Amino acid sequence: MPEPSQNGRTDATRVYHLGQRDTYIVVAQLSPEFTARVVDRWQELEVQAAALLRLLLHLRC
């Protein structure tokens with residue numbers, strides 16, 4: 001939406017309204033460090049889920 005700037009010109013600004021998922025995707029594309037943190041956390045959660053599954057299977061027997 002065009003708005004007058006301090007110098008009297010009208011500058012256009014684009015505004016995007018993104019949901020949480022899409023925001024993460026944009027940030028991940030722009031930041032390798034962020035992407036690495038997401039992947040590290042994903043792997044941690046997979047290890048935890050596998051351990052929980054093993055525990056549940058052990059208790060079931």
Side-chain angles (χ1 to χ4, degrees):
M1 175 171 282
E3 294 183 15
S5 65
Q6 289 181 355
N7 61 9
R9 294 188 340 209
T10 301
D11 297 329
T13 302
R14 289 186 183 203
V15 176
Y16 297 92
H17 298 277
L18 302 174
Q20 184 176 21
R21 178 183 178 273
D22 291 333
T23 301
Y24 286 148
I25 291 170
V26 170
V27 172
Q29 290 174 354
L30 299 174
S31 172
E33 295 84 8
F34 177 84
T35 304
R37 287 179 56 204
V38 169
V39 170
D40 292 345
R41 181 63 178 140
W42 183 359
Q43 290 177 332
E44 289 173 10
L45 292 172
E46 286 187 346
V47 168
Q48 290 175 8
L52 180 58
L53 180 60
R54 282 193 304 274
L55 176 62
L56 290 173
L57 290 174
H58 177 73
L59 292 175
R60 189 173 175 201
C61 294

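Everything quoted here is computed from the prediction, not taken from an experiment.
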Check your understanding: How many angstroms lie between CD1 in Ile25 and CG in Leu30, if you round to the nearest 0.5 Å?
Key -> 12.0 Å

Practice item. Not counting sequence neighbours, list each pair that qualifies as a salt bridge (Lys or Arg N to Asp or Glu O under 4.0 Å) and has a residue in residues 21-34. Key: none

Under 3.5 Å, which donor-acceptor pairs link side chains of residues 42-61 to any protein atom two or more places apart or in another chain?
from  : atom 1 : to    : atom 2 : distance (Å)
Trp42 : NE1    : Glu46 : OE2    : 3.0
Glu44 : OE1    : Arg41 : NH1    : 3.1

**Study point:** Set of side-chain contact (heavy atoms from CB on, under 4.5 Å) partners for Tyr24, sequence neighbours left out
**Key:** Gln20, Phe34

